[in-house]
Amino acid sequence: MARTDTDVLVVGGGIIGLAVAWRTAQRGLAVTVVDPHPGGGAAQVAAGMLAPVTELQYGEEPLLHLGMASNARYADFAAELTALTGVDTGYRRTGTLAVALDADDREELRELHAFHQRLGLDSHWLTGRECRKLEPMLAPGVRGGLHVKDDHQVDGRRLARALVAACERTGVRLLAAEAAELLADGGRAAGVRLADGGAVHAAQVVLAAGSRSHLLPGLPDGLLPAIRPVKGQVLRLRIPELYAPFLSRNVRAVVRGQHIYLVPRADGELVIGATSEEQGYDTQVTAGGVYELLRDAHELVPGITELPLVETNAGLRPGSPDNAPLLGPTALPGLAAATGHYRNGVLLTPATGDLLADYLATGTVPDLAAAFSPDRFSKALA
Ligand code: GLY
């Protein structure tokens, strides 16, 4: 029988791994997280838009269902974290305005609105004038838009801090170490060997290492698909009190085929995102990326050029082959996955924590996770 140091070992201490660890520890299991920098990862860069409706893509209704379920849990999730840790997550019920800058954009948004209506989603068409009444800083040329009252925001950095503290208070062991190899014993996952030569043995292992999840040595061939890194460059500006409230809600548009969004935080930060670049594990900020973001954001809200630019950075979205997450047991007994959240990692954090904890505590995959089984890829490979 394999030695066991912990009931559940989570490989990856970004917000997804931490939420899984926290919720699982609340179910009475002993949990260890292995990550060189617990609380790091893509949430340190993400704007934190909670946008299941305004980011809806055609053909992704199961993901919409999961995203809506996670969004509906956010207020309680954030309140519970704050009550436990004293950390304000920056969860803000602002709603989102998605606007069109020209006639083609307007046509596209109209189609999206019709799609929303067919699905019974709360999404209202506004004229350009009505959009500007809600957000006076919008460009005069805005042709119309969609007001989605339930697409909100959270601050990914505060959220990560709160989750680290919640894990600590719930008895999760946070090991600042790198997992170097998956260990298996008798045909099941049994833990990991660490880069410093040590090992952690566990009854169940959860892979939550974002776009590096499939790279862990020791994983059986074909068990997991490649989780591709999709780089997003993001800008942080500061709104001086003189200009507040600069924007009152998330504002977004598609400009020249690229998503651009502005997320105004209560503390005066304005986050502008994001590029979408598929070029490997590169997180360098480029002049071209910053230029495009500023150019597109300026078309949307010309007044941004007055604001101090205080930070630029880039993160990697973990994209699965169908852009939907991998949630639950893999074909290797003892190994589960919580990865591949692509553009929706922050949004899907509460649901992922709950679903994986349910599975780890009971051995049964919750209905809401069934469509996201990691097996959907290994079967295709068989
Ligand atoms: N959800 C926003 C992004 O991935 O850029």
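We number each residue from 1, following the sequence as shown. What you are looking at is a predicted structure, and each value in this text was computed from that prediction instead of being measured. Counting starts at 1 for both ligands and their atoms, in listed order.
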Below 3.5 Å, can you tabulate the donor-acceptor pairs from side chains in residues 213-220 to any protein atom, sequence neighbours excluded?
from   : atom 1 : to     : atom 2 : distance (Å)
Ser213 : OG     : Ala209 : N      : 3.0
Ser213 : OG     : Gly210 : N      : 3.2
Ser213 : OG     : Gly210 : O      : 2.8
Ser213 : OG     : Thr339 : OG1    : 3.0
His214 : ND1    : Ile227 : N      : 3.2

Query raised in the report: Is there a donor-acceptor contact under 3.5 Å linking the side chains of Thr170 and Gln26?
Result: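 No, Gln26 and Thr170 have no side-chain donor paired with an acceptor closer than 3.5 Å.
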
Query raised in the report: Please state which protein non-hydrogen atom is closest to atom 1 (N) of ligand 1 and give its distance, to 0.1 Å?
Result: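 Going by distance alone, atom 1 (N) of ligand 1 is nearest to Arg343 O, 2.7 Å.
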
Query raised in the report: Tell me: protein heavy atom nearest atom 5 (O) of ligand 1, and distance?
Result: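 Result for atom 5 (O) of ligand 1: Tyr261 OH, 2.5 Å.
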
Query raised in the report: So among Leu56, Leu348, Asp322, Asn323, which one has a side-chain contact (heavy atoms from CB on, under 4.5 Å) with Leu63?
Result: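 Result: among Leu56, Leu348, Asp322, Asn323, Leu348 is the only option passing the side-chain contact (heavy atoms from CB on, under 4.5 Å) with Leu63.
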
Requested in this report: Kindly check if the number of other-residue, nucleotide or ligand heavy atoms within 6.0 Å of CD (Gln284) is above 12?
Outcome: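 No - once you tally the heavy atoms of other residues, nucleotides and ligands closer than 6.0 Å, there are 12 at most.
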
Query raised in the report: Do ligand 1 and Arg317 have nitrogen or oxygen atoms that lie under 3.5 Å from each other?
Result: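 Yes, since at least one N or O of Arg317 sits under 3.5 Å from an N or O of ligand 1.
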
